[in-house]
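In what follows, every heavy atom counts, from backbone to side chain, and hydrogens, waters and symmetry copies are set aside. If you're wondering where the values come from, they're calculated on a predicted model, not measured in any experiment. In the text below, chain A, chain B and the rest are named by the order of the sequence lines, each starting its count at 1.
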Amino acid sequence: MAFKVATWNVNSLRVRLPHVMDWLDKVKPDVLSLQETKVPDESFPVDEIKQLGYEVVYSGQKAYNGVAILSKQKGEDVHVNIPSLEDLQRRVLAITVGDVRVFNLYVPNGQCVDSDKYHYKLKWLQALTLFLKEQLTLYPKVVVMGDFNIAPQDIDVHDPVEWQGQVLCTEPERAAFNELLSLGFQDCFRLQTQPENSFSWWDYRLNAFKRNRGMRIDHILATEALASQCIQCGIDKSPRGLERPSDHTPVFAEFVT
DNA sequence: ATGGTTGCAACGCAA
(Lines give C-alpha, C1' and ligand atoms only; values in the text may rest on other atoms or scores of the structure.)
Protein backbone atom coordinates (compact mmCIF):
# COMPACT_ATOMS: atom_id res chain seq x y z
CA MET A 1 0.00 0.00 0.00
CA ALA A 2 1.19 3.47 -0.84
CA PHE A 3 0.75 6.43 1.47
CA LYS A 4 1.22 9.81 -0.14
CA VAL A 5 1.52 13.02 1.83
CA ALA A 6 2.00 16.60 0.69
CA THR A 7 2.44 20.10 2.05
CA TRP A 8 1.53 23.43 0.48
CA ASN A 9 1.59 27.00 1.71
CA VAL A 10 -1.38 28.36 -0.24
CA ASN A 11 -1.19 32.02 0.86
CA SER A 12 -4.98 32.35 1.31
CA LEU A 13 -7.16 29.29 0.88
CA ARG A 14 -10.08 31.41 -0.35
CA VAL A 15 -8.06 32.68 -3.30
CA ARG A 16 -6.31 29.36 -3.97
CA LEU A 17 -9.20 26.95 -3.48
CA PRO A 18 -9.52 26.23 -7.24
CA HIS A 19 -5.80 25.38 -7.42
CA VAL A 20 -6.04 23.14 -4.37
CA MET A 21 -9.09 21.31 -5.72
CA ASP A 22 -7.43 20.74 -9.12
CA TRP A 23 -4.24 19.52 -7.49
CA LEU A 24 -6.07 17.12 -5.16
CA ASP A 25 -7.96 15.74 -8.13
CA LYS A 26 -4.74 15.26 -10.09
CA VAL A 27 -2.40 13.93 -7.40
CA LYS A 28 -4.86 12.38 -4.93
CA PRO A 29 -2.59 12.45 -1.87
CA ASP A 30 -3.75 10.63 1.24
CA VAL A 31 -2.89 13.69 3.31
CA LEU A 32 -2.42 17.33 2.32
CA SER A 33 -1.19 19.92 4.83
CA LEU A 34 -1.98 23.55 4.10
CA GLN A 35 -0.44 26.67 5.59
CA GLU A 36 -1.41 30.34 5.48
CA THR A 37 -5.05 29.53 4.97
CA LYS A 38 -5.81 33.03 6.28
CA VAL A 39 -9.38 32.08 7.08
CA PRO A 40 -11.22 32.02 10.43
CA ASP A 41 -12.67 28.62 11.34
CA GLU A 42 -16.27 29.80 10.92
CA SER A 43 -15.71 30.56 7.24
CA PHE A 44 -13.48 27.59 6.37
CA PRO A 45 -14.62 26.03 3.04
CA VAL A 46 -15.54 22.64 4.51
CA ASP A 47 -18.20 21.70 1.97
CA GLU A 48 -16.05 22.26 -1.11
CA ILE A 49 -13.34 20.02 0.33
CA LYS A 50 -15.74 17.30 1.47
CA GLN A 51 -17.24 17.20 -2.03
CA LEU A 52 -13.85 16.03 -3.28
CA GLY A 53 -13.95 13.14 -0.84
CA TYR A 54 -11.59 14.60 1.75
CA GLU A 55 -11.97 14.98 5.48
CA VAL A 56 -10.52 18.15 6.95
CA VAL A 57 -9.40 19.65 10.25
CA TYR A 58 -8.36 23.28 10.55
CA SER A 59 -7.09 25.89 12.94
CA GLY A 60 -7.35 29.37 11.54
CA GLN A 61 -7.66 33.05 12.33
CA LYS A 62 -8.53 36.25 10.52
CA ALA A 63 -6.08 37.60 7.91
CA TYR A 64 -2.90 35.78 8.93
CA ASN A 65 -1.48 32.30 9.50
CA GLY A 66 -3.87 29.34 9.70
CA VAL A 67 -3.26 25.62 9.06
CA ALA A 68 -5.41 22.75 7.82
CA ILE A 69 -4.99 19.04 7.16
CA LEU A 70 -7.00 17.32 4.45
CA SER A 71 -7.09 13.54 4.50
CA LYS A 72 -8.92 10.76 2.68
CA GLN A 73 -9.24 8.89 5.95
CA LYS A 74 -10.68 10.76 8.92
CA GLY A 75 -7.92 11.99 11.23
CA GLU A 76 -7.95 11.10 14.91
CA ASP A 77 -6.60 12.74 18.06
CA VAL A 78 -6.59 16.26 16.66
CA HIS A 79 -4.06 18.47 18.36
CA VAL A 80 -3.63 22.24 18.06
CA ASN A 81 -0.60 24.42 18.92
CA ILE A 82 2.55 23.80 20.96
CA PRO A 83 1.45 23.16 24.58
CA SER A 84 4.31 25.01 26.31
CA LEU A 85 3.99 28.09 24.11
CA GLU A 86 1.62 31.00 24.68
CA ASP A 87 0.80 31.81 21.08
CA LEU A 88 -2.23 33.45 19.53
CA GLN A 89 -0.98 32.61 16.04
CA ARG A 90 -2.47 29.48 14.52
CA ARG A 91 0.55 27.57 13.22
CA VAL A 92 0.41 23.94 14.39
CA LEU A 93 -2.03 21.12 13.78
CA ALA A 94 -1.64 17.35 14.22
CA ILE A 95 -3.75 14.30 13.47
CA THR A 96 -3.27 10.55 13.38
CA VAL A 97 -4.02 8.78 10.11
CA GLY A 98 -3.84 5.01 10.44
CA ASP A 99 -0.58 4.41 12.32
CA VAL A 100 1.03 7.67 11.22
CA ARG A 101 1.12 10.81 13.36
CA VAL A 102 1.08 13.85 11.08
CA PHE A 103 2.22 17.32 12.17
CA ASN A 104 1.52 20.35 10.04
CA LEU A 105 3.70 23.40 10.75
CA TYR A 106 3.74 26.99 9.70
CA VAL A 107 7.02 28.14 11.22
CA PRO A 108 7.25 31.92 11.78
CA ASN A 109 8.99 33.76 8.98
CA GLY A 110 11.22 35.90 11.20
CA GLN A 111 11.23 38.93 8.89
CA CYS A 112 14.84 40.01 9.53
CA VAL A 113 17.54 39.14 12.05
CA ASP A 114 17.20 42.32 14.13
CA SER A 115 13.43 42.07 14.55
CA ASP A 116 11.36 40.73 17.44
CA LYS A 117 9.85 38.32 14.94
CA TYR A 118 13.22 36.63 14.44
CA HIS A 119 13.49 36.15 18.21
CA TYR A 120 9.99 34.75 18.28
CA LYS A 121 10.91 32.36 15.45
CA LEU A 122 13.90 30.93 17.34
CA LYS A 123 11.90 30.64 20.60
CA TRP A 124 9.10 28.99 18.67
CA LEU A 125 11.48 26.45 17.11
CA GLN A 126 12.95 25.65 20.50
CA ALA A 127 9.50 25.01 22.00
CA LEU A 128 8.58 22.92 18.95
CA THR A 129 11.67 20.75 19.34
CA LEU A 130 10.85 19.98 22.98
CA PHE A 131 7.26 19.20 22.04
CA LEU A 132 8.23 16.86 19.19
CA LYS A 133 10.82 15.13 21.33
CA GLU A 134 8.01 14.25 23.73
CA GLN A 135 5.68 13.22 20.93
CA LEU A 136 8.27 10.82 19.49
CA THR A 137 8.02 8.69 22.63
CA LEU A 138 4.31 8.20 21.87
CA TYR A 139 4.37 7.59 18.10
CA PRO A 140 6.99 5.59 16.16
CA LYS A 141 5.77 6.72 12.72
CA VAL A 142 5.79 10.50 12.55
CA VAL A 143 5.67 12.90 9.63
CA VAL A 144 6.39 16.58 10.27
CA MET A 145 5.72 18.74 7.27
CA GLY A 146 5.01 22.31 6.40
CA ASP A 147 6.48 25.70 5.67
CA PHE A 148 9.61 25.74 7.85
CA ASN A 149 10.79 29.11 6.57
CA ILE A 150 14.32 27.68 6.70
CA ALA A 151 16.59 26.77 3.81
CA PRO A 152 18.62 24.00 5.49
CA GLN A 153 21.71 24.18 3.26
CA ASP A 154 23.29 26.44 0.66
CA ILE A 155 22.13 24.04 -2.07
CA ASP A 156 18.58 25.01 -1.09
CA VAL A 157 19.19 28.65 -2.05
CA HIS A 158 19.39 30.10 -5.57
CA ASP A 159 22.16 32.49 -4.56
CA PRO A 160 23.76 31.49 -1.25
CA VAL A 161 26.18 34.42 -1.29
CA GLU A 162 23.42 36.98 -1.70
CA TRP A 163 21.42 35.27 1.05
CA GLN A 164 24.26 34.62 3.47
CA GLY A 165 23.26 35.69 6.99
CA GLN A 166 19.75 36.64 5.90
CA VAL A 167 16.63 35.35 7.51
CA LEU A 168 15.66 31.85 6.22
CA CYS A 169 19.40 31.03 5.92
CA THR A 170 20.99 32.16 9.19
CA GLU A 171 23.14 29.83 11.23
CA PRO A 172 20.78 29.74 14.28
CA GLU A 173 17.84 28.82 12.04
CA ARG A 174 19.82 26.07 10.35
CA ALA A 175 21.03 24.85 13.73
CA ALA A 176 17.40 24.68 14.91
CA PHE A 177 16.52 22.67 11.80
CA ASN A 178 19.40 20.26 12.42
CA GLU A 179 18.35 20.01 16.07
CA LEU A 180 14.96 18.81 14.85
CA LEU A 181 16.57 16.27 12.54
CA SER A 182 18.73 14.99 15.38
CA LEU A 183 15.58 13.98 17.29
CA GLY A 184 15.36 11.20 14.72
CA PHE A 185 13.95 12.73 11.55
CA GLN A 186 15.11 12.51 7.95
CA ASP A 187 14.57 15.25 5.38
CA CYS A 188 12.69 13.09 2.86
CA PHE A 189 13.70 15.28 -0.08
CA ARG A 190 17.35 14.40 0.46
CA LEU A 191 16.78 10.64 0.67
CA GLN A 192 17.01 10.42 -3.11
CA THR A 193 19.05 12.20 -5.74
CA GLN A 194 17.30 15.43 -6.72
CA PRO A 195 17.68 17.88 -9.58
CA GLU A 196 19.95 20.82 -8.82
CA ASN A 197 18.24 24.10 -7.99
CA SER A 198 15.08 22.49 -6.61
CA PHE A 199 13.03 25.08 -4.78
CA SER A 200 9.57 25.28 -3.19
CA TRP A 201 9.14 29.06 -2.87
CA TRP A 202 9.79 32.00 -5.17
CA ASP A 203 9.22 35.66 -4.33
CA TYR A 204 6.36 37.26 -6.28
CA ARG A 205 8.64 40.11 -7.30
CA LEU A 206 11.12 40.56 -10.14
CA ASN A 207 10.09 37.45 -12.08
CA ALA A 208 11.72 35.26 -9.45
CA PHE A 209 9.88 32.12 -10.58
CA LYS A 210 10.74 32.57 -14.25
CA ARG A 211 14.40 33.05 -13.32
CA ASN A 212 14.21 30.23 -10.76
CA ARG A 213 15.42 32.53 -8.02
CA GLY A 214 13.87 30.43 -5.26
CA MET A 215 14.54 28.61 -2.02
CA ARG A 216 13.63 25.20 -0.60
CA ILE A 217 11.88 26.11 2.65
CA ASP A 218 8.94 23.66 2.63
CA HIS A 219 9.87 20.26 3.99
CA ILE A 220 8.67 16.78 4.82
CA LEU A 221 10.47 15.12 7.73
CA ALA A 222 9.89 11.50 8.70
CA THR A 223 11.08 9.21 11.48
CA GLU A 224 13.27 6.28 10.48
CA ALA A 225 10.36 3.81 10.54
CA LEU A 226 8.76 5.81 7.73
CA ALA A 227 11.83 7.28 6.03
CA SER A 228 13.08 3.77 5.27
CA GLN A 229 9.82 3.24 3.36
CA CYS A 230 9.98 6.49 1.39
CA ILE A 231 9.91 5.63 -2.32
CA GLN A 232 9.74 9.15 -3.69
CA CYS A 233 9.81 12.78 -2.66
CA GLY A 234 9.52 15.74 -4.94
CA ILE A 235 8.36 19.25 -5.66
CA ASP A 236 5.53 19.89 -8.10
CA LYS A 237 6.33 23.22 -9.68
CA SER A 238 3.29 23.27 -11.94
CA PRO A 239 0.85 25.19 -9.67
CA ARG A 240 3.39 28.03 -9.36
CA GLY A 241 2.98 28.69 -13.09
CA LEU A 242 -0.82 29.04 -12.95
CA GLU A 243 -2.76 32.29 -13.02
CA ARG A 244 -2.72 33.94 -9.55
CA PRO A 245 -0.49 31.33 -7.93
CA SER A 246 0.63 30.95 -4.35
CA ASP A 247 4.27 31.94 -3.94
CA HIS A 248 4.88 28.37 -2.67
CA THR A 249 4.33 25.12 -4.53
CA PRO A 250 3.47 21.62 -3.23
CA VAL A 251 6.07 19.22 -1.85
CA PHE A 252 5.06 15.56 -1.71
CA ALA A 253 6.40 12.24 -0.43
CA GLU A 254 5.26 8.69 -0.92
CA PHE A 255 5.78 5.76 1.45
CA VAL A 256 5.11 2.06 1.04
CA THR A 257 3.43 0.43 3.98
C1' DA B 1 18.93 51.30 -9.27
C1' DT B 2 18.57 49.02 -2.71
C1' DG B 3 13.55 48.56 -6.23
C1' DG B 4 9.65 44.91 -6.86
C1' DT B 5 4.29 41.78 -5.57
C1' DT B 6 0.48 39.66 -3.19
C1' DG B 7 -3.33 39.13 0.37
C1' DC B 8 -5.75 41.03 3.96
C1' DA B 9 -8.42 44.60 5.13
C1' DA B 10 -8.65 49.15 5.48
C1' DC B 11 -4.31 52.45 3.62
C1' DG B 12 -0.32 49.71 6.76
C1' DC B 13 1.27 45.01 7.90
C1' DA B 14 3.13 40.53 6.91
C1' DA B 15 5.36 37.72 3.80
message: By nearest heavy atom, map A:Asn65 and A:Thr37 onto DNA chain B; which one lands nearer the 5' end?
response: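 Upstream on the strand: A:Thr37.
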
task: Could you check A:Ala63 against A:Asn109 and say which one's nearest nucleotide on DNA chain B is further toward the 5' end?
output: A:Ala63

task: Using salt bridge (charged side-chain N to carboxylate O under 4.0 Å, His left out) as the criterion, point out the one residue from A:Asp187, A:Asp154, A:Asp147 that pairs with A:Arg216.
output: A:Asp187

Looking at [X], I'd like to know whether one of its side-chain N or O atoms comes within less than 4.0 Å of OP1 or OP2 on [N].
X: A:Ser12; N: B:dT6; value: no
X: A:Lys62; N: B:dC8; value: no
X: A:Arg14; N: B:dC8; value: no
X: A:Arg16; N: B:dG7; value: yes

- prompt: Does A:Lys26 come within less than 4.0 Å of A:Asp236, counting only side-chain N to carboxylate O?
  reply: yes

- prompt: Taking NZ, NE, NH1 and NH2 as the nitrogens, is one of them in A:Asp156 or A:Arg190 under 4.0 Å from a carboxylate oxygen of the other?
  reply: yes

field: Any-strand Watson-Crick or G-U partner of B:dC13, both distances under 3.5 Å
entry: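 Its partner is B:dG7 (Watson-Crick or G-U wobble, both distances under 3.5 Å).
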
query: Which part of the nucleic acid, if any, lies within reach of A:Glu36 when heavy atoms closer than 4.0 Å are counted: base, sugar-phosphate only, or nothing?
result: sugar-phosphate

task: May I ask you to say what A:Phe209 touches in the nucleic acid, namely base, sugar-phosphate or nothing, with a heavy-atom cut-off under 4.0 Å?
output: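 Here A:Phe209 touches no strand at all.
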
Whole-Å distance separating the [atom1] atom of [X] from the [atom2] atom of [N]:
X: A:Tyr118; N: B:dA15; atom1: OH; atom2: C1'; answer: 17 Å
X: A:Tyr64; N: B:dA14; atom1: OH; atom2: C1'; answer: 5 Å
X: A:Arg91; N: B:dA14; atom1: CZ; atom2: P; answer: 11 Å
X: A:Lys38; N: B:dA14; atom1: NZ; atom2: C1'; answer: 7 Å
X: A:Gln166; N: B:dT2; atom1: CD; atom2: P; answer: 17 Å
X: A:Asp116; N: B:dA14; atom1: CG; atom2: P; answer: 11 Å
X: A:His248; N: B:dT6; atom1: NE2; atom2: C1'; answer: 12 Å
X: A:Glu243; N: B:dT6; atom1: CD; atom2: P; answer: 11 Å

field: Distance, nearest 0.5 Å, that separates CD of A:Gln126 from CD1 of A:Ile82
entry: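 Here the rounded value is 11.0 Å.
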
If you measure from the [atom1] atom in [N] to the same atom in [M], how many Å do you get, rounded?
N: B:dA14; M: B:dA9; atom1: P; answer: 14 Å
N: B:dT6; M: B:dC11; atom1: C1'; answer: 15 Å
N: B:dG12; M: B:dA1; atom1: P; answer: 28 Å

query: What nucleotide, of B:dG7, B:dG4, B:dA9, holds the atom closest to the side chain of A:Arg244?
result: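 Nearest to the side-chain atoms of A:Arg244, counting from C-beta on, is B:dG7.
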
- prompt: In this structure, which one of A:Phe103, A:Phe148, A:Phe189 forms a ring pair (Phe, Tyr, Trp, His ring centres under 6.0 Å) with A:His219?
  reply: A:Phe148

task: Assign the ring pair A:His248 / A:Trp201 to parallel, tilted or perpendicular, where the plane angle (0 to 90°) is split at 30° and 60°.
output: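 Tilted.
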
